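One-based numbering, in listed order, for ligands and for the atoms of each. Just so it is clear, the structure is predicted and the values come from calculations on it, not from any experiment.
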Amino acid sequence: MRPFVYTRVDTAEQAVARAAPVDGTVGPTNSPVQFLAGGTNIVDYLKLSCWTADELVDINGLRDEHGSIEVTPDGIRFGSLVRLRQALDHPAVVRDYPVIAETLGRAASPQLRNMASLAGNLLQRTRCGYFRDVDYDECNKRRPGSGCAAIGGRNRMHAVLGVSDSCIASYPGDLAQALVALDTRVETLGPDGVRTFPVRDLHTGADRPEVETILAPGELITALFVPSGPHTRRSTYVKVRDRESYEFAVASAAVALDLADDGTVTDVRIAVGGLAYRPWRADAAEEFLRGRPLTADSAEQAGRVALDGAVTHGDNDHSPELGARTVARALIQAAQLQV
Ligand code: SF4
């Protein structure tokens, strides 16, 4: 582990100023100054040396300002430093946004959920073994232009949606699928001031693996706003994994549904995880389902549409079928909820 400078700040403005852009920095992921919240991802990765930083700016002093949950008539706003456990236990989250509670309840372990922040969880980096093990030279995400050891290597847990010839890493988080499905808006403070944008725009594509988000260096996520709607209560998350605790998804689906009395889909939101390069909204599958009755057959067809265009690399040849079945199961599960 390389030595780094540890700094504490008391305000968001101080944090942003401390992490202001440095010449040659292409994105916040590669910035020599990183924010430290729960530390459950970055500290691990600093120890492995697959992620390096010269300075960590501890933002936990901002929790009074950015560590609470506000329920409004229009939706629910999470401060970026809200802990996973805190959101998971909130009655309004459990009642009105169950898909969020379910992603949080299936993420990591209880100890990690006590520490990890919502924004940090959203920004967690891939678990690709070749990325994490610096003995492998070929990793475009860690060393741009070096190649991708996973293509032609061991890739059972790698992505099949949104991949490129440069990188097939899968996005590992759970919460992001719920937030993407529910059209969450990200609020930030950066060197250029305040901005908001849809969470589905946060993560960038696989053409430049070394750049992972649209955040500017020094730009801090301050809040996540989830709009309310008739679909949020009828929402759920299915996570398929190798063991039922403390494990990343091999496939997952977050679904929110609004159904007419006769079972016709009036609104549907689907996000796929575990097998996509970034949190993945299944727009075509949603379009397919709107106006149709939700049945076992239509759910199965929607699952196949969601995985349309999947690209496999050998060990993960099973992923499109698994992903399609996971989406179908989530849709049926949501339809059966009593709301
Ligand atoms: Fe690196 Fe991406 Fe290839 Fe993994 S899949 S080795 S992260 S370039």
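- The minimum heavy-atom distance between Thr40 and Met115, with the atom names listed, is CG2-CB, 3.9 Å.
- Taking a cut-off of under 4.0 Å to the non-hydrogen atoms of Ile168, the atoms of ligand 1 that pass are 5 (S).
- Contact check on Arg2 versus Asp54 returns a salt bridge, with a Lys/Arg side-chain nitrogen under 4.0 Å from an Asp/Glu carboxylate oxygen.
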Full working for side chain to side chain donor-acceptor pair (under 3.5 Å) between Glu65 and Thr11: CA-CA 8 Å; Glu65 198 181 351; Thr11 68; over 6 Å; no

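- Summarising the contacts of atom 1 (Fe) of ligand 1 with Cys50, Cys139, Cys128, the nearest heavy atom is found in Cys139.
- Of all protein heavy atoms, the one lying nearest to atom 2 (Fe) of ligand 1 is Cys167 SG, 2.3 Å.
- Ion pairing between a basic and an acidic side chain is recognised when a charged N comes within 4.0 Å of a carboxylate O; Arg200 and Asp283 show such pairing.
- Thr184 contributes a side-chain N or O that, together with a main-chain N or O of Leu179, makes up a donor-acceptor pair within less than 3.5 Å.
- Atom 3 (Fe) of ligand 1 has no N, O or S atom of His158 closer than 2.8 Å.
- Ranking protein heavy atoms by distance to atom 3 (Fe) of ligand 1, first place goes to Cys148 SG, 2.3 Å.
- Residue contacts with ligand 1, taken as heavy atom pairs separated by less than 4.0 Å, do not involve Pro209 at all.
- Proximity of a side-chain donor or acceptor of Gln333 to a complementary backbone N or O of Ala330 within less than 3.5 Å is not detected.
- Close approach to Phe131 involves these atoms of ligand 1, each under 4.0 Å from a residue heavy atom: 7 (S).
- Below 4.0 Å from some heavy atom of Ser166 lie the following atoms of ligand 1, by number and element: 8 (S).
- In this structure, Gly153 has no heavy atom closer than 4.0 Å to ligand 1.
- Between Trp51 and Tyr45, the ring-plane angle classifies as perpendicular under the 30° and 60° cut-offs.
- Nearest protein heavy-atom neighbour of atom 6 (S) of ligand 1: Tyr130 CB, 3.5 Å.
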